[in-house]
Trainee: 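Below: one structure in structure tokens.
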There are 2 protein chains.
Amino acid sequence: MPKPSHIAPQATPPDNPEETVSDKPTYAIGELAEMFEVTPRTIRFYEQEGLLAPERRGQRRIYHDKDRVRLKLTLRGKRLGFTLAEIREVVELYDTMPDGNARQLHRILEILAEKRADMEQRKEDIRLMQNELDDVETRCRAALEGLAP
Amino acid sequence: MPKPSHIAPQATPPDNPEETVSDKPTYAIGELAEMFEVTPRTIRFYEQEGLLAPERRGQRRIYHDKDRVRLKLTLRGKRLGFTLAEIREVVELYDTMPDGNARQLHRILEILAEKRADMEQRKEDIRLMQNELDDVETRCRAALEGLAP
DNA sequence: GTTCTGCTTGACGTTAACGTAAAGTGAAGA
DNA sequence: TCTTCACTTTACGTTAACGTCAAGCAGAAC
């Protein structure tokens, strides 16, 4: 359990509902970094690239669950080989959507279709690569048999 | 049909079996580049990185089907987000295998297992990403409905 | 107070994967 | 012979995605 803050005892009912005891969790940059096994530098860089926009408390960055999810999506995108620019393109869809006009919404559907096709291509590449791996393994085991019969 | 070479007429039986008319196809660097929609520079770079080792006829590079397949595998690896170093690691398996000793062969099996796990992770990432796309599309269409009911 | 942490902003460095420009070669066609 | 064309090497340039200091601040601990 974390030690109680030095400001105001727990028992006092909070005048600000945002500061309730069982509030949504927040994270410092270091916590988030450790959580995802990246460096704080990486997280700041993603912010600079428009992928994150954490709250500021004084000069410190405060990350909420919303930001944590965004970071997770970003890292997943990276594993899929997307550039940060491409990832931002998708991430911004979330922001654009609520108040997007019809033209923007149709544009989003276009991008989605592209990404979908991309995913299918990747799945095919994976399938072929797995075949390659199977092939190499088979021949490798055969070579081992040949060595020690 | 390609024009006959200026050296020796076709009718003459070839003294070198390597130069038979219906020989295995070869490619110049430009042909291969166009074939895969990359630049010659890229192909030379892959050679420099140890991914290709084409035959030399004079100063020119001559690519055979073996090289074409390697390039195809390399580009597929790239689409999967592997670095050239990682791809080389796999490609070298082919070369190591024929005369590999038991220890090398077991090492190969290790690497194969790693790559396999990697593929599974990628498949999972793709699955999650497709879910995301589905989600965005659903909400996007809902927003469109809200605009023009 | 001072010391220690964990954060902050800047600024320059690094690596991978090519791009690009320059200058030369060699064979084939006009 | 001259030109063209596709190739060659060499070498410096570029972009993305961070890494790596440096110097400084703010609050908690001592």
Side-chain angles (χ1 to χ4, degrees), chain A residues 1-9 26-64 67 70-71 73-91, chain B residues 1-9 26-64 67 70-71 73-91:
Chain A
M1 265 214 284
K3 293 171 196 161
S5 163
H6 71 293
I7 32 161
T26 68
Y27 314 92
I29 196 171
E31 295 176 297
L32 215 59
E34 194 181 6
M35 188 177 297
F36 288 101
E37 301 189 295
V38 297
T39 68
R41 164 66 175 148
T42 298
I43 297 179
R44 287 192 203 101
F45 182 72
Y46 290 170
E47 176 179 347
Q48 180 183 321
E49 294 299 299
L51 289 164
L52 297 171
E55 183 194 336
R56 290 289 184 135
R57 203 100 79 192
Q59 75 171 353
R60 301 297 182 85
R61 292 171 173 84
I62 307 290
Y63 298 89
H64 298 199
D67 303 304
R70 275 212 173 181
L71 179 55
L73 291 179
T74 299
L75 294 174
R76 181 180 302 151
K78 281 225 60 192
R79 284 197 303 271
L80 289 173
F82 288 114
T83 68
L84 294 184
E86 289 172 318
I87 295 170
R88 183 181 47 211
E89 193 180 28
V90 174
V91 162
Chain B
M1 262 213 287
K3 295 168 194 162
S5 164
H6 72 291
I7 31 161
T26 68
Y27 314 91
I29 195 170
E31 296 175 297
L32 215 58
E34 194 180 5
M35 188 177 299
F36 288 102
E37 300 189 293
V38 298
T39 68
R41 164 65 176 150
T42 297
I43 297 180
R44 288 192 202 103
F45 182 72
Y46 290 171
E47 176 179 349
Q48 181 183 323
E49 295 299 299
L51 289 163
L52 296 171
E55 182 195 336
R56 289 289 184 137
R57 202 100 80 192
Q59 75 172 350
R60 301 295 181 87
R61 293 171 173 84
I62 306 292
Y63 297 89
H64 298 195
D67 303 305
R70 274 212 174 181
L71 179 54
L73 290 179
T74 298
L75 294 174
R76 181 181 301 152
K78 281 223 62 191
R79 285 198 302 272
L80 288 172
F82 288 114
T83 68
L84 293 184
E86 289 171 318
I87 295 170
R88 182 181 48 209
E89 193 180 28
V90 174
V91 164

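What you see is a predicted model, and the numbers here were worked out from it, not measured in a lab. In the text below, chain A, chain B and the rest are named by the order of the sequence lines, each starting its count at 1.
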Trainee: Apply salt bridge (Lys or Arg N to Asp or Glu O under 4.0 Å) to B:Glu55 and list each qualifying residue two or more places apart in sequence or on a separate chain.
Mentor: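 Here the qualifying residues are B:Arg57.
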Trainee: If you take all heavy atoms of A:Pro54 and A:Ile62, which pair is closest and at what distance?
Mentor: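 That closest heavy-atom pairing would be CB-O, 3.6 Å.
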Trainee: What bend angle does the helix from C:dG1-D:dC30 to C:dA30-D:dT1 show across its length, from five-pair end axes and to the nearest 10 degrees?
Mentor: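 The value is 10°.
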Trainee: May I have all residue pairs that pass side chain to side chain donor-acceptor pair (under 3.5 Å) and include part of residues 29-39 of chain A, sequence neighbours excluded?
Mentor: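 Counting only pairs at least two positions apart or across chains, the side chain to side chain donor-acceptor pair (under 3.5 Å) contacts touching residues 29-39 of chain A are A:Thr39-A:Thr42.
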Trainee: The side chain of B:Lys78 lies closest to which of these nucleotides: D:dA17, C:dT8, C:dC18?
Mentor: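 Closest nucleotide to the B:Lys78 side chain: C:dC18.
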Trainee: Applying salt bridge (Lys or Arg N to Asp or Glu O under 4.0 Å) as the test, list every pair that has at least one member in residues 38-47 of chain B; sequence neighbours left out.
Mentor: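 The answer is B:Glu47-B:Arg56, B:Glu47-B:Arg61.
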Trainee: For B:Leu84 and for A:Ala28, locate the closest nucleotide of DNA chain C by heavy-atom distance; then report the residue assigned to the nucleotide nearer the 5' terminus.
Mentor: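 Its nearest nucleotide lies further toward 5', so the answer is A:Ala28.
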Trainee: Mind running a 4.0 Å heavy-atom check of residues 41-52 of chain A against DNA chain D and sending the residues that fall below it, in number order?
Mentor: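 A:Arg41, A:Thr42, A:Phe45, A:Tyr46 - these, ordered by number, are the residues of the stretch whose heavy atoms sit under 4.0 Å from the strand.
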Trainee: What heavy-atom pair brings B:Leu71 and B:Ile43 nearest, and what distance separates the two atoms?
Mentor: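 Nearest heavy atoms, B:Leu71 then B:Ile43: CD2-CD1, 4.0 Å.
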Trainee: Taking it one step at a time, do B:Leu32 and B:Ile29 satisfy side chain to side chain contact (heavy atoms under 4.5 Å, CB included)?
Mentor: CA-CA 5 Å; B:Leu32 215 58; B:Ile29 195 170; 5.6 Å; no
Trainee: Send over the distance from B:Tyr27 OH to D:dA6 C1', rounded to a whole Å.
Mentor: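 From B:Tyr27 OH to D:dA6 C1': 19 Å.
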Trainee: For A:Ala85, give me all partners under side chain to side chain contact (heavy atoms under 4.5 Å, CB included), at least two apart in sequence or on another chain.
Mentor: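 If we apply the side chain to side chain contact (heavy atoms under 4.5 Å, CB included) test to A:Ala85, skipping adjacent residues, the hits are A:Thr83, A:Arg88.
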Trainee: Kindly compute the distance separating CG (A:Leu80) from CG (A:Leu75), expressed to the nearest 0.5 Å.
Mentor: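 With rounding to 0.5 Å, CG (A:Leu80) is 11.0 Å from CG (A:Leu75).
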Trainee: Sequence neighbours left out, what pairs pass salt bridge (Lys or Arg N to Asp or Glu O under 4.0 Å) with at least one residue falling in residues 73-85 of chain A?
Mentor: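 Counting only pairs at least two positions apart or across chains, the salt bridge (Lys or Arg N to Asp or Glu O under 4.0 Å) contacts touching residues 73-85 of chain A are A:Arg79-B:Asp125.
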Trainee: What is the distance from atom CG of B:Leu84 to atom OG1 of B:Thr74, rounded to the nearest 0.5 Å?
Mentor: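 Rounded to the nearest 0.5 Å, the CG-OG1 separation comes out at 7.5 Å.
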Trainee: Within residues 53-63 of chain B, find the residues that approach DNA chain D with a heavy atom at under 4.0 Å, and present them sorted by residue number.
Mentor: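 Those residues are B:Arg56, B:Gln59, B:Arg60, B:Arg61.
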Trainee: Near DNA chain D, which residues from residues 32-40 of chain B have a heavy atom under 4.0 Å away?
Mentor: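 None, since no heavy atom is under 4.0 Å.
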Trainee: For the atom pair OH (A:Tyr46) and CG (A:Asp67), what is the distance rounded to the nearest 0.5 Å?
Mentor: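 One finds 15.0 Å between OH of A:Tyr46 and CG of A:Asp67.
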Trainee: In whole Å, I'd like the distance from the CZ atom of B:Phe82 to the C1' atom of C:dA16.
Mentor: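 Result: 16 Å.
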